[in-house]
Amino acid sequence: MTLALIDYQAGNLHSVENALRAAGCTDLTVTADPDVVRRADRIVLPGVGAFGACAANLRAVPGMVAALEERALGHGVPFLGICVGMQLLAETGEELGVHKGLGWIAGSVRRIDPAGSDAKVPHMGWNDVVPTGDHPLIVPGEAYFLHSYAFTGAGVVATTDHAGPVTAAIARDTVLGVQFHPEKSQRYGLALLERFLAWRP
């Protein structure tokens, strides 16, 4: 099994790579090469920073978006988006203007507007992951979050609570996105990555 970890200058690649290796991935390539993506059995798209900048960085890699769509949507290769890598699956992001996402899952990414005055933005730290449906990779537990914007739309398979429900994970077919950071979520995050590596959808 080969895994492509996408390098588009918008993610904490070292930590994600280390976590994937700790979860048992032995054939991992950190890559900005769409040809490597086309040969990969699994794909992970990390992401840290502003939605618009991350979307622009991804599109700036020649042929990368087409390769991701070919493998994840066309061939059904298991795909995991992490944090902003999850948010990019949406149609639009509304951080510092309105920006176009990949559009793989219907919805938008908007600033968190907590109903309670004690809930601060960014949403930072450990919080519960509560499944809202039946997805083989998502189980109840606690994970580490750090974000000011959250997904609203279709395909929500888990939420967390921050003075109201906030999307924690979204999915479509063989595509999964998680708002939390598995690489910072200790046993819970490592177990999620292990399930992703073993997933045979």
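Every value quoted in this text rests on a predicted model; they were computed, and no experiment measured them.
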* Asked: Do Ile6 and Leu68 pass the side-chain contact (heavy atoms from CB on, under 4.5 Å) test, and can you show the C-alpha distance, the side-chain angles, and the key distance before you say yes or no?
  -> CA-CA 10 Å; Ile6 308 304; Leu68 293 173; 4.1 Å; yes
* Could you check Leu73 against Phe79 for side-chain contact (heavy atoms from CB on, under 4.5 Å), going step by step and ending with a plain yes or no? => CA-CA 9 Å; Leu73 303 185; Phe79 175 100; over 6 Å; no
* **side-chain contact (heavy atoms from CB on, under 4.5 Å) between Val166 and His147, intermediate numbers included** => CA-CA 11 Å; Val166 173; His147 62 118; 3.7 Å; yes
* Pair Thr152-Thr167, side-chain contact (heavy atoms from CB on, under 4.5 Å): steps then yes or no -> CA-CA 7 Å; Thr152 301; Thr167 298; 5.6 Å; no
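In this structure, CG in Asp161 is found 6.5 Å from CG in Asn127, a value given to the nearest 0.5 Å. Summarising the geometry, atom CD1 belonging to Ile43 is positioned 11.0 Å from atom CG belonging to Leu5; distances are rounded to the nearest 0.5 Å. For the atom pair Ile105 CD1 and Gln87 CD, the distance stands at 12.5 Å (nearest 0.5 Å). Interatomic distance, Arg42 CZ to Leu28 CG, rounded to the nearest 0.5 Å: 12.5 Å. For the atom pair CD (Gln179) and CD1 (Ile170), the distance works out to 9.0 Å, reported to the nearest 0.5 Å. Residue Arg38 holds its CZ atom at 10.0 Å from CZ of Arg71, rounded to the nearest 0.5 Å.
You'll find the side chain of His75 reaches within 4.5 Å of the side chain of Glu70, heavy atoms only. Leu89 places none of its side-chain heavy atoms less than 4.5 Å from the side chain of Arg172. Two residues are said to be in side-chain contact when any heavy atoms from C-beta on lie closer than 4.5 Å; Leu3 and Leu197 meet this criterion. Leu193 is not listed as a side-chain neighbour of Val44, based on a closest heavy-atom distance of 4.5 Å or more. You'll find the side chain of Leu88 reaches within 4.5 Å of the side chain of Cys54, heavy atoms only. Glu94 places a side-chain heavy atom less than 4.5 Å from the side chain of Ser108. At a threshold of 4.5 Å between non-hydrogen side-chain atoms, the residues Ile138 and Leu176 count as touching. Considering only heavy atoms from C-beta on, Pro46 stays 4.5 Å or farther from Cys83 through its side chain.
Both Val16 and Phe196 are assigned to one and the same hydrophobic cluster, defined by single-linkage of ILVMFWY side chains at heavy-atom distances under 4.5 Å. Residues Val65 and Val109 share a hydrophobic cluster, clusters being chains of Ile/Leu/Val/Met/Phe/Trp/Tyr side chains in contact below 4.5 Å. Phe151 is not connected to Val178 by any chain of hydrophobic side-chain contacts under 4.5 Å among Ile, Leu, Val, Met, Phe, Trp and Tyr, and they are in different clusters. In the hydrophobic clustering of ILVMFWY residues, with side-chain heavy atoms under 4.5 Å counting as a link, Trp104 and Tyr8 come out together. Hydrophobic cluster membership differs between Leu102 and Val157, with clusters built from Ile, Leu, Val, Met, Phe, Trp and Tyr side chains linked at under 4.5 angstrom.
Leu96 approaches Tyr149 most closely through the heavy-atom pair N-OH, 4.4 Å. In plain terms, the two heavy atoms of Ala72 and Val175 that are nearest each other are CB-CG2, 4.3 Å.
Taking the centre of each ring, Tyr144 and Phe180 stay at or above the 6.0 Å mark.
Here the side chain of Thr159 pairs no donor or acceptor atom with the backbone of Ala168 at under 3.5 angstrom. Proximity of a side-chain donor or acceptor of Thr132 to a complementary backbone N or O of Val156 within less than 3.5 Å is detected. Here the side chain of Asn57 pairs a donor or acceptor atom with the backbone of Gln9 at under 3.5 angstrom. Side chain of Asp128 to backbone of Val130: no donor-acceptor contact under 3.5 angstrom is found.
Within 6.0 Å of atom CE in Met1, more than 12 heavy atoms from other residues, nucleotides or ligands are found, so the atom counts as buried in its surroundings. Heavy-atom neighbours of Asp27 CG from other residues, nucleotides or ligands within 6.0 Å: above the threshold of 12.
Results of the side chain to side chain contact (heavy atoms under 4.5 Å, CB included) test with Glu183 over Leu13, Asn18, Ile82 single out Ile82 as the only residue that passes.
For His99, there are no side-chain hydrogen bond (donor to acceptor under 3.5 Å, both in side chains) partners two or more places apart in sequence or in a different chain.
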